[in-house]
Amino acid sequence: MNTDVEFHIRQNYPWNKLPANVKQSLGNSQREYEKHVLLYSIRNQLRFRNNLVRHVRKDERKYYEELLKYSRDHLMLYPYHLSDIMVKGLRVTPFSYYIGIMEDIMNSEKSYDSLPNFTAADCLRLLGIGRNQYIDLMNQCRSSKKFFRRKSARDLLPAKPVEISVEPWWVAQTGYITEDDIRVCSQAEKKAIDKMIDSGPQLAGAMEYNVVLSLYNRGFIYLDVPISDDSCISVPPLEGFVMNRVQGDYFETLLYKIFVSIDEQTNVAELANVLEIDLDLVKNAVSMYCRLGFAVKKGHAFSTEQLHPTWKNAPSVNRLKSTMDPQKMLLSWEQGSPVMEGGSSATDTDTTSLEDQDTASVSSLSIPAAPTKRIAFLFDSTLTAFLMMGNLSPNLKSHAVTMFEVGKLSDETLDSFLAELEKVESTAEGEAQRYFDHALTLKNTILFLRYNKELTQDQGPDIPNIGFPLDMLRCESLLGLDQATCSRVLNKNYKLLVSMAPLSNEIRPISSCTPQHIGPAIPEVSSIWFKLYLYHVTGQGPPSLLLSKGSRLRKLPDIFQVYDRLLITSWGHDPGVVPTSNVLTMLNDALTHSAVLIQGHGMQGHGETVHIPFPFDEEDLKGEFSYSNMCVHKALKKLKEQVDLEHQCGYITMLNSNNRHRRRASDSTECRGDTHLGGGIDTNGSTESFELVTEENNGESKVKTDTPSSEDEWVPLELCFGMPLFSSELNRKVCRKIASHKLCSNESLQELLHSSRKLSLKVLSFVQSFQDGSQSSDLDSGVLNPLSQPPAESGVPLPALNLIFKDGQLKEWSGRAPPPLNISALQKDQPT
């Protein structure tokens, strides 16, 4: 649907008040506009009254029936904001609604994964049906078909809701109650119903606890979760969240947007203002979080006089775990143990209530409770995958799920997160070691950035120097917000952004002038273009060929013939080292759907890479070049003149393709990061590095002699801004340099702002200079396929020309060999 049309429907514009251009887009048809109004209203579960749909559809009941059918067919969440209509008018309770959905998907023999995440979580809360239970029901349903007495899906589904958790501040309202219903009620239940009918809705906490549950289970009452303008909520680590799929309907999109934007200091009205979203919609979303147990409302404590005595033994927190068998909380990617085992844990104690969290974190760190701006540590989904897959600690997965689904871990929950990271062992076997290393380095990074007085020594005499709180934000979740909204959210809450390094090429990094960003300044700085810019300004780098999408190679270019291993980067994906043999077919296959960068890596097995942390210390820049003193490399001296390495942090990867030096422990100096011999440079550990092929070095690296290291053998391979998590030693060095160079001081951040802008302009100018001027920069994405440009690189121009870097120069590559070689026509590698 046209966004202009949606806007005018949302603003209740009747046909006669529509602008001419909007009417024209609808073919000047009022009937077409009315169709759009009805469809928009149903999709967005709008109330009939006070909305434009009341002029289009006269029958209110029929409209709500259509809305309910659409919601059920599309597996949407129950419209709790319309409970007064749904329960009182149509007598459709949340329980009966989800029973209908379950019946539909069972009859269609769909998998459990077809349920969207939030819908699956609500089904689990009300029906007690999780993944394992659904599989069991489907097996029963199928087996019954083999016998004469066939059971329908409805017969196998529960007859009444499981016992749910109810908070005392929720409001009980009467549903659709008949005289027959009253007859089966106990005296206490009749009394409660009479009070609600006579005096209106009642606080659940003022009623007898068992009566509330009994009436709710029978559908005689429904529960509202009231949220006011000044309500504040906290989001503890998720329990019982079902990771199935994202559907993309209006409410689910809103839930994810608010998840990553909300914090404990911002009330609902302020949040709606920052996001520029209707206040009622934000209230509906926050109410849903509280209902599902994914959020806790602040400041709703009941006095003993208000609270009915029967509530004293009732569950005090609305958590799925408190009433559900842990087996029912299995997440979609997990086949073994549940997310939470019974018994006490860090998350049990630290997320019971917000007040407890505040007290725990404040007392342990002796910090004032006054709200202050924070540091944001930006990570991508690679990190959450490592924390989920590694089976690192029993309760770490609930935090990892929160990091992925909410997109945020706030400072208030970091104490329990750190407690879980403390339990991670330092050694593991094989591939698991990478997961353990990331977890331990992440712990050290959090401890370094969070409330570090060293980072904030220039706060002024009136402000106590306690450092800054730290929030962790997932880049992909922030990118779900439009750019202006994302900027408002970041500026409201944060003083500084710090990215992990390297960020996956599969995402677009966050661009931010203010707050300042220690990380890639613009998406181009985290793309293939920046590698070429690095080689261009230093005049050094491995032989590299960037081929535009649609090119084809008849043979491997001569510059790569001497190499045993090539580094291949498919556009929008992480790099991988592959053997030269048989690479041609795979390259041509990749070029059909993507631009590809080919680079020489190792002449005998894998090349050797060394990571050099920056900013450089004065001592680093003294002395002659050696294997243990790479900071004085001539390429790095040139790079320092072109790129500000003093007010940023990160690392430069140097490559030696000759691979004649073995790793020497005695050489561990500041200018040597971790040496990687035979592991490629897949530093963030993506298993999708180069989707065509990846191959390990099968013990090919021979014992090498300690011959002197030549400066000419080493060339810069890449430069990454941010804090590395793949190596604890490199991370430790970068942390030390951040503190010693005072990168978080106001003066340094101001310099960073200017230098980031300069670098951005230089890189953008560089990219533009190597584009075909007569064609648009997006030409190679293909006119016939609007989806051909990968989402990860949206906004980053695709190469329109084939470019080659060799002999210190970057230039266009025609695909032909140089004329002096006089090779035969068969060897002309012209791309088609």
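Count residues from 1 along the sequence.
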For the pair [X] (side chain) and [Y] (backbone), establish whether a donor and an acceptor sit closer than 3.5 Å, ignoring hydrogens and angles.
X	Y	answer
H438	T441	no
D471	A376	no
Y535	L717	yes
E524	S760	no
H633	W714	yes
S657	H601	yes
H741	L743	no
H647	L749	no
N629	K622	yes
T538	L534	yes

Next item on the list: Identify the residue among F726, Y435, F436 that makes a ring-ring contact (aromatic ring centres under 6.0 Å, His included) with F386.
Entry: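 By the ring-ring contact (aromatic ring centres under 6.0 Å, His included) criterion, F386 pairs with just one of F726, Y435, F436: Y435.
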Margin query: Pair Q599, Y563 - check side chain to side chain donor-acceptor pair (under 3.5 Å), show working.
Written below: CA-CA 10 Å; Q599 297 180 283; Y563 285 91; over 6 Å; no
Margin query: Applying salt bridge (Lys or Arg N to Asp or Glu O under 4.0 Å) to R374 and D411, what does each step give before you reach the verdict?
Written below: CA-CA 9 Å; R374 304 179 172 204; D411 184 78; 5.0 Å; no
Check: Are the charged groups of R474 and D380 less than 4.0 angstrom apart, N to O?
Finding: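 Salt bridge: no.
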Do [X] and [Y] come close enough that some side-chain heavy atom pair is under 4.5 Å?
X	Y	answer
T609	M654	no
N452	F468	no
I375	P469	no
F404	S477	no
C486	L490	yes
S504	S381	no
I652	F616	yes
C720	E718	yes

Next item on the list: Could you tell me whether E624 atom CD has more than 12 heavy atoms of other residues or ligands within 6.0 Å of it?
Entry: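 Atom CD in E624 is not packed in, count stays at 12 or less.
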Margin query: Around atom NZ of K443, are there more than 12 heavy atoms from other residues, nucleotides or ligands closer than 6.0 Å?
Written below: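 For K443, atom NZ is crowded (more than 12 foreign heavy atoms under 6.0 Å).
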Mind checking what makes side-chain hydrogen bond (donor to acceptor under 3.5 Å, both in side chains) contact with [X], not counting sequence neighbours?
X	answer
H536	none
Q648	none
S755	D644

Heavy-atom pair of closest approach, residues [X] and [Y]:
X	Y	answer
A400	L387	CB-CB, 3.8 Å
G722	P724	O-CD, 3.6 Å
V734	G650	CG2-O, 3.8 Å
T580	R565	OG1-N, 3.6 Å
A439	L421	O-CD2, 3.8 Å
S544	L597	CB-CD1, 4.2 Å

Notebook entry, point to check: Does the pair K638 and E641 meet the rule for a salt bridge (Lys or Arg N to Asp or Glu O under 4.0 Å), with working shown?
Noted result: CA-CA 5 Å; K638 285 184 186 176; E641 296 169 8; over 6 Å; no
Check: Does the pair D437 and Q433 meet the rule for a side chain to side chain donor-acceptor pair (under 3.5 Å), with working shown?
Finding: CA-CA 6 Å; D437 290 343; Q433 184 62 50; 2.7 Å; yes
Item checked: Test log, rule side chain to side chain contact (heavy atoms under 4.5 Å, CB included), inputs N731 and T445 -> CA-CA 8 Å; N731 177 271; T445 303; 3.0 Å; yes
Checklist line | Result of checking L496, L473, L442 against F377 for side chain to side chain contact (heavy atoms under 4.5 Å, CB included) | finding: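 Of all the options given, the one that passes is L442.
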Item checked: Stepwise side chain to side chain contact (heavy atoms under 4.5 Å, CB included) test for K733 and Y651 -> CA-CA 10 Å; K733 290 175 182 176; Y651 63 91; over 6 Å; no
Non-neighbouring partners of [X] that pass side-chain contact (heavy atoms from CB on, under 4.5 Å), sequence neighbours left out:
X	answer
E812	L801
K634	Q540, E711, D712
K811	I804, Q809

Check: Out of curiosity, C735 SG to R732 CZ, how far, rounded to the nearest 0.5 Å?
Finding: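 The SG atom of C735 sits 9.5 Å away from the CZ atom of R732.
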Margin query: Quick check for you: to the nearest 0.5 Å, what is the distance between S548 atom OG and N802 atom CG?
Written below: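 Rounded to the nearest 0.5 Å, the OG-CG separation comes out at 4.0 Å.
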Taking the six-membered ring for Trp, are [X] and [Y] parallel (under 30°), tilted (30 to 60°) or perpendicular (over 60°)?
X	Y	answer
F530	Y533	parallel
F766	W529	perpendicular
F614	F721	perpendicular

Margin query: What I want to check is whether the side chains of S728 and N444 have a donor and an acceptor closer together than 3.5 Å.
Written below: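 No, no side-chain donor-acceptor pair sits under 3.5 Å.
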Check: Between S745 and S748, do the side chains contain an N or O donor and an N or O acceptor separated by less than 3.5 Å?
Finding: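 Checked: S745/S748 side chains show no N/O donor-acceptor pair below 3.5 Å.
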Checklist line | Stepwise side chain to side chain contact (heavy atoms under 4.5 Å, CB included) test for Y494 and K373 | finding: CA-CA 5 Å; Y494 302 106; K373 286 203 172 185; 6.0 Å; no
Next item on the list: Please test L414 against L470 for side chain to side chain contact (heavy atoms under 4.5 Å, CB included), starting from the C-alpha separation and ending with a verdict.
Entry: CA-CA 8 Å; L414 284 187; L470 178 73; 4.1 Å; yes
